[in-house]
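The sequence lines fix the lettering, A, B, ..., with proteins before strands; numbering per chain opens at 1. Only this structure's heavy atoms are used, side chains among them; waters, hydrogens and symmetry mates stay out.
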2 protein chains.
Amino acid sequence: MAVTLKDVAARAGVSVKTASNVVNGYSFVAADNRRRVQEAIEQLGYVPNIGARNLRRGRTGFLTLAVPELTNPYFAELCGLVMTAAARHDWTVLIEQTAGARERELAVINAAHRSLVDGVILSPIGMHPADLATDSAPNSPLVLLGERALGARVNHVAIDNVKAAEVATEHLIGLGRRRIAAIGDQPGQNGTAMLRLAGYRGALRAAGLPDDPALTVPTPTYSRAEGAGAMRRLLDAPNPPDAVFCFNDLLAIGAISAARDRGLRVPADLAVVGFDGIEEGNYSAPRLTTIAPDKLAIAEAAIDLVKRQLDHDGQQPQDVTVPFTLEIHESTHR
Amino acid sequence: MAVTLKDVAARAGVSVKTASNVVNGYSFVAADNRRRVQEAIEQLGYVPNIGARNLRRGRTGFLTLAVPELTNPYFAELCGLVMTAAARHDWTVLIEQTAGARERELAVINAAHRSLVDGVILSPIGMHPADLATDSAPNSPLVLLGERALGARVNHVAIDNVKAAEVATEHLIGLGRRRIAAIGDQPGQNGTAMLRLAGYRGALRAAGLPDDPALTVPTPTYSRAEGAGAMRRLLDAPNPPDAVFCFNDLLAIGAISAARDRGLRVPADLAVVGFDGIEEGNYSAPRLTTIAPDKLAIAEAAIDLVKRQLDHDGQQPQDVTVPFTLEIHESTHR
DNA sequence: GCTTGACGATACAACGATGTAACAAGACTG
DNA sequence: CAGTCTTGTTACATCGTTGTATCGTCAAGC
């Protein structure tokens, strides 16, 4: 059905290999033959079969990028940036959704597609450190995004989550707030949430504020609906907070929505800080104060680590820390 | 480097084909050999090389899904649904971003990847009808999402855009609004925007309202920023509107944000209807009234059309129309 | 006892591309 | 003029997998 090199070669009256040489820009082909092959390619509409080429070359030209949910704008934005960075190295990105489920994250690392890709970039949520220990000698590069807490010997790209959470919390303290809640802890997981909680507590402690456990509300995942639910629980309890630090922007947007439904004014009655720096927060009412990681730097570092590990086999796993900024908007304006 | 069937066969003491037969669940393999092969697979951690398998089977196992921007939540949601529907047929989805650029849309249809995928699902924006005429006999199935205006003989999946725009506009008319603006026309393109504009105008005409050209604001693409810009232009003009129908939700959210900056109350001073039914609109302030296409139906119809065309070669291109609903929320509440 | 037939296993070719080695012809070297 | 180099081309093997054809073996059926 499809046009192959054999067809091109036949039409141009040369061997298959000579046709291949033209396609691949090999120098020593007679001008005459080169022209005829090119004409044949043109006329037949030949397109190389990438699968076959990759099989022969032992390189697939694919990377897997696995994120929890594409509907989380943070990951949607990140995917776009990773795809762009990957394209510069002629990689096509396969996006997978894990829903944060441990078994699906492991499937991405280990299973079927592993033979199909040159590397895997994974934003893990459900995985345990032990899960990586078994995979001691992965045959293709693996880069984890945002999970430094997994102590294993793997490539990491992340911001300093503890520091970022401190900065966010200090900002609320600096506004004079004293009952500062945190939404988004994930007890039992030991990933990003744990680090952000540590930063939050550290900032409270440093300011001499009590760490009231009633003000820490866990959520199973990070969505607007869960942010709203958590906020409602905080407002139903006695002695509600005057500020809340949400572990991501979707939670924050949900929290603001729930506060608004109860007639609270943000930021006058309740100041809100999010985390992720998604575009949506720049158009919400009120505009959202947030910790914005440098997503472009994350994407490029991830691609760079994959490439580096592919080029130098014995490469030691690396930790890359990228910068973040606190973007102050209406949701915490005095 | 990687473990192949050959290694498995050697370890199990059988031929490569027998090992292959075990992997593929062929019935007539001696229980003893089957067990030994399975053990070898286990011990060596064998994973089939999908590329090689597909090469042999003459099927790639990939679909291309090309959307303008992944950061548009409508497309992010749609991608997730298409991926799920595709997984049921063992397809892996390659997501491409076209930015709505004509040449990139054509590249998706024609170029390199064509040999790599079993089919293409494209959400076109920049393409002209003539672009498809040249590609009269595509060798792999092509499904267009949401562009019935491209008259060519291709598979389509879309809602009735004219009708939907009518419904949205009638809703605003029913609230007593008389100066109803439209944001998001794209003159020169003859796709979705044209259809929605037609529905908008039809509803105005049916209600005996004038169609003031000053109330139709085009935008080059669909983003929050452009929605805000368009709204500012409307508010700066003499005789501003009391309602606005935005051709997508991002435009609507931007428009609301701009109106708010000018001190307008939504919906009291300005009623706003969007289009897409994205999750973000359920948490915005005010919650957004919107036309919500049945995205799940779109995703499943698209996959179904690809499969059908692949199975029956001479299949005639089909038009599938999926339902939509008008979701009424705060942004148009009396 | 001889044909069927089901079962079990294998060698071989093929998918489409590219690396290797070999070869031929002409152009240099010494 | 033999020997090496450069250029140009090709046949062949190979990547990992699976379809086809083939060849056994053993049991059932007449």
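Under the 4.5 Å side-chain criterion, counting only non-hydrogen atoms from C-beta, Ile95(A) is in contact with Met83(A). Looking at Ile303(B) and Ile121(B), their side chains come closer than 4.5 Å, going by heavy atoms from C-beta outward. Looking at heavy atoms from C-beta onward, Pro141(B) lies out of side-chain contact with Leu305(B) at the 4.5 angstrom threshold.
At dA9(C), none of the side-chain N or O atoms of Thr18(B) fall inside 4.0 Å of OP1 or OP2 (strictly under the cut-off).
Residues of residues 31-41 of chain B that place a heavy atom closer than 4.0 Å to DNA chain D do not occur. Taking a 4.0 Å limit (strictly below) on heavy-atom distances, residues 8-16 of chain B reaches DNA chain C at Val14(B), Ser15(B).
Formation of a donor-acceptor pair under 3.5 Å by the Glu105(B) side chain with backbone atoms of Gly126(B) is found in this model. Listed for the Gln186(B) side chain is a donor-acceptor partner under 3.5 Å among the backbone atoms of Pro220(B). Between the side chain of Thr98(B) and the backbone N or O of Ala66(B) there is no donor-acceptor pair closer than 3.5 Å. When atom types are taken as modelled, the side chain of Asp118(A) and the backbone of Leu63(A) share no donor-acceptor pair closer than 3.5 angstrom. Glu96(A) contributes no side-chain N or O that, together with a main-chain N or O of Thr64(A), makes up a donor-acceptor pair within less than 3.5 Å. For the pair Arg34(A) (side chain) and Val22(A) (backbone), a donor-acceptor distance under 3.5 Å is absent. Between the side chain of Asp7(A) and the main chain of Thr4(A), a donor-acceptor pair closer than 3.5 Å is present.
Here Ser20(B) lies in heavy-atom contact (under 4.0 Å) with a base.
Here the two rings, on Phe75(A) and Tyr222(A), have centers that are 6.0 Å apart or farther.
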Considering only nitrogen or oxygen atoms on both sides, find all protein atoms under 3.5 Å from nucleotides 19-22 of chain C and state each distance.
residue: dG19(C); atom: N7; partner: Lys17(A); partner atom: NZ; Å: 2.9

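Contacts classified as side-chain hydrogen bond (donor to acceptor under 3.5 Å, both in side chains) and involving residues 294-306 of chain B (residues at least two apart or in different chains) are given here: Glu77(B)-Lys295(B), Arg88(B)-Glu300(B), Asp304(B)-Arg308(B).
Between the C1' atom of dA9(C) and the CZ atom of Phe28(B) lies a distance of 13 Å, rounded to the nearest Å. Distance CG (Asn21(A)) to P (dT10(D)): 10 Å, rounded to an integer number of Å. The distance between atom CG of Asp118(A) and atom C1' of dC15(D), rounded to the nearest whole Å, is 15 Å. Look at CG on Asn49(B): it is 6 Å from C1' on dG16(D), rounded to the nearest Å. The CG atom of Leu55(B) sits 9 Å away from the C1' atom of dG16(D) (whole-angstrom rounding). Summarising the geometry, the separation between CD1 on Ile50(B) and P on dT17(D) is reported as 10 Å, rounded to the nearest angstrom. For the pair Asp7(A) CG and dC15(C) P, the interatomic distance rounds to 11 Å; values are reported in whole Å.
Rounded to 10 degrees, the angle between the two end axes of the helix from dG1(C)-dC30(D) to dG30(C)-dC1(D) is 50°, with five pairs used at each end.
If Tyr26(B) and Lys6(A) are placed on DNA chain C by their nearest nucleotide, the residue sitting closer to the 5' end is Tyr26(B).
For the atom pair Asn54(B) CG and Leu55(A) CG, the distance stands at 11.0 Å (nearest 0.5 Å).
Counting only heavy atoms from C-beta on, Thr4(B) has its side chain closest to dT17(D) among dT17(D), dG16(C), dA17(C).
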Less than 3.5 Å apart, which donor and acceptor atoms pair up between the side chains of residues 37-44 of chain A and the rest of the protein, not counting sequence neighbours?
residue: Glu39(A); atom: OE2; partner: Arg35(A); partner atom: NH1; Å: 3.1
residue: Gln43(A); atom: OE1; partner: Arg11(A); partner atom: NE; Å: 2.8
residue: Gln43(A); atom: OE1; partner: Arg11(A); partner atom: NH2; Å: 2.7

